[in-house]
Engineer: 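Before I ask anything, here is the structure I am working with.
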Amino acid sequence: MNLLIKNAKLETGYIFEADIVTGTKTENFDILIKDGQITAIEKEISEPFIETIQANGKLLLPSFREMHIHIDKTYFGGEWIAPTPITEGIFTRIKEEIALLPLQLPVAKERAVKMVEHLIAQGHTHIRSHCNVDPQIGVEHIKITKEVLDSFADKITYDIVAFPQHGLLRSNVEPLMREAMELGATHVGGVDPAIVDRETRRSLELIVEIAQTYNKHIDIHLHDRDLLGALEIHTLIDIIEEHNFKNEVTISHAIALSDLDEGQLAPLVTRMAALGIDVTSTIPIGQNRSTIPVKYLYDNGVKVSVGHDSLTDHWSPFGSGDTIHKLNTLAERFKYIDERSLGQTWKYAANGLTPLDWDGQQIWPKLGDAANFLLVDGSSSAHVVARRCTITNVISKGKIIHSNTTVLEGEFR
């Protein structure tokens, strides 16, 4: 696939006054894409016989990776239903799912397709979906999710996490988890082994063993707080070290990291960084909800990514799939109000990519980079995050996979 983007705005450096960043320098360039990679970035490129986008000064930015979503169980695309109150913690939702998920199977594929289409329109070129594996639905969600994501394989890349929502040990789904690996799941999941399975070490050992047997990665939900959550993370690290497990490990939520003091947090983060363990967060806000120390983790070697978890389902009615809005929430939560701090949040949604590094050196895009990016109606990445500017085009694997033809100049600026 060959594509020429004409007159796209690129960030080229920061504007400094003394040691303070007061703005972002930009220049317009043409970008030539061949076979899914950037092959030229020049002031003027003439290629008359290939598909061309007239960017008209729109800002080019790295595309997003949705690193935590559940496309398999959703109300999205269906009728409005608000969640019921939680009375027993996570077990309220587990009990609901026993009846709900089998009833939703007939519409699960249709709703998953609509979610993927929506996520693409919001700038995502990679999706990691967690999929229930439980006694009521078996591996049907794995099959449906893989079928749906495969149908978008020309547009996006994806991961599938086999997720024992009702407890790996508690619901006795080890055989189903192994079947999910055979069906194409890329990650072994788990959830709160101390609370749900009530056997922390045995549960975590089984997760690592399944992942090692099938040469898969791990992505585990850990919501437990304070020292209990920290103990779960330390135990997971112990087991990874004992088994010499080398594949990727993600901790989703990792809420305990928001509760620990410096003396408790620092050694845990050091252990996580040494093994390359990363974290995905929804950036929770609100009363009695803490947010993990995102920048501290990243600066100390623990990669952090953002995800939406859901759009609307029986867990939450609030998900939007809008990752620019998610970064806006992150910036507001941590009081990132200056040009540099706002723009640097982009890396949490784009696999570590930002146009400029902290010192203002241009590090993206470069020749040979994968052609996965967005055109946005904004003046800089900081402006886009702060004012939630509108995506006009989504390019993945060197081709246009979404165009917004209804953008109004100056919208929400």
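None of the values given here were measured: they were computed from a predicted structure.
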Engineer: Quick one, L330 and K326 - any side-chain contact, counting heavy atoms below 4.5 Å?
Structural biologist: no

Engineer: If you look at every heavy atom in I31 and I38, which pair is closest and at what distance?
Structural biologist: CG2-CG2, 4.0 Å

Engineer: Is there side-chain contact between D369 and L353, with at least one heavy-atom pair below 4.5 Å?
Structural biologist: no

Engineer: For Q37, I'd like to know if atom CD has over 12 heavy atoms of other residues, nucleotides or ligands within 6.0 Å.
Structural biologist: yes

Engineer: Go through the side-chain N and O atoms of Q165 and H130 and say whether any donor and acceptor fall under 3.5 Å apart.
Structural biologist: no

Engineer: So that I can tick it off, tell me whether K143 and E179 are bridged by a salt bridge, with the cut-off set at under 4.0 angstrom between side-chain N and carboxylate O.
Structural biologist: no

Engineer: Is the CD1 atom of I337 crowded by more than 12 outside heavy atoms at less than 6.0 Å?
Structural biologist: no

Engineer: Can you find a side-chain donor-acceptor pair between H68 and S252 that sits under 3.5 Å?
Structural biologist: yes

Engineer: Would you sort out whether R202 and E209 count as a salt bridge (Lys or Arg N to Asp or Glu O under 4.0 Å), showing the intermediate values?
Structural biologist: CA-CA 10 Å; R202 182 170 162 237; E209 188 274 318; over 6 Å; no

Engineer: State whether D30 and K6 are salt-bridged, where the test is any N-O pair (Lys NZ or Arg NE/NH1/NH2 against Asp/Glu carboxylate O) under 4.0 Å.
Structural biologist: yes

Engineer: Can a side-chain donor-acceptor contact be found between S310 and H70 if the only test is distance below 3.5 angstrom?
Structural biologist: no

Engineer: Please tell me whether H308 and T323 have a donor and an acceptor in their side chains that are separated by less than 3.5 angstrom.
Structural biologist: yes

Engineer: How close do I400 and S403 get, heavy atom to heavy atom, and via which atoms?
Structural biologist: CG2-OG, 3.4 Å

Engineer: Could you check whether T250 and D278, counting side-chain N and O atoms only, form a donor-acceptor pair closer than 3.5 Å?
Structural biologist: yes

Engineer: Shortest non-hydrogen contact from L228 to A194?
Structural biologist: CD1-CB, 3.6 Å

Engineer: Please name the residue in the list I233, V191, V279 that meets the side-chain contact (heavy atoms from CB on, under 4.5 Å) test with L222.
Structural biologist: I233

Engineer: May I ask you to decide if the ring planes of H223 and H221 are parallel, tilted or perpendicular, using 30° and 60° as cut-offs?
Structural biologist: tilted

Engineer: In plain terms, say whether E96 and R93 are close enough for a salt bridge, that is, a side-chain N and a carboxylate O under 4.0 Å apart.
Structural biologist: yes

Engineer: Step by step, would you call R225 with D259 a salt bridge (Lys or Arg N to Asp or Glu O under 4.0 Å)?
Structural biologist: CA-CA 7 Å; R225 309 201 61 157; D259 300 322; 2.7 Å; yes

Engineer: We want to know whether N404 and T392 form a side-chain donor-acceptor pair, criterion being a heavy-atom distance below 3.5 angstrom.
Structural biologist: no

Engineer: Do F163 and H141 make the cut of ring centroids closer than 6.0 angstrom?
Structural biologist: no

Engineer: Compute the centroid of each ring, for Y75 and then for W315, and state whether the two points are separated by less than 6.0 Å.
Structural biologist: no

Engineer: Which heavy atom of P267 sits nearest to which heavy atom of E262, and what is that distance?
Structural biologist: CD-O, 4.3 Å

Engineer: Take H124 and F64 through the side chain to side chain contact (heavy atoms under 4.5 Å, CB included) test and state the conclusion after the steps.
Structural biologist: CA-CA 4 Å; H124 301 92; F64 294 137; 3.4 Å; yes

Engineer: Would E110 and K114 count as a salt bridge (Lys or Arg N to Asp or Glu O under 4.0 Å) if you check the C-alpha gap in whole Å, the side-chain angles of each, and the deciding distance to 0.1 Å?
Structural biologist: CA-CA 7 Å; E110 174 188 352; K114 289 179 178 178; 3.4 Å; yes

Engineer: Salt bridge or not between E241 and R271? Use side-chain N to carboxylate O under 4.0 Å.
Structural biologist: yes

Engineer: Do W364 and E11 have side chains that get closer than 4.5 Å, going by heavy atoms?
Structural biologist: no

Engineer: Run the side chain to side chain contact (heavy atoms under 4.5 Å, CB included) test against E339 and tell me which residues pass, sequence neighbours left out.
Structural biologist: V21, T24, S380, A382

Engineer: Among all residues two or more places apart in sequence or in another chain, which pass the side chain to side chain contact (heavy atoms under 4.5 Å, CB included) test with T87?
Structural biologist: T92

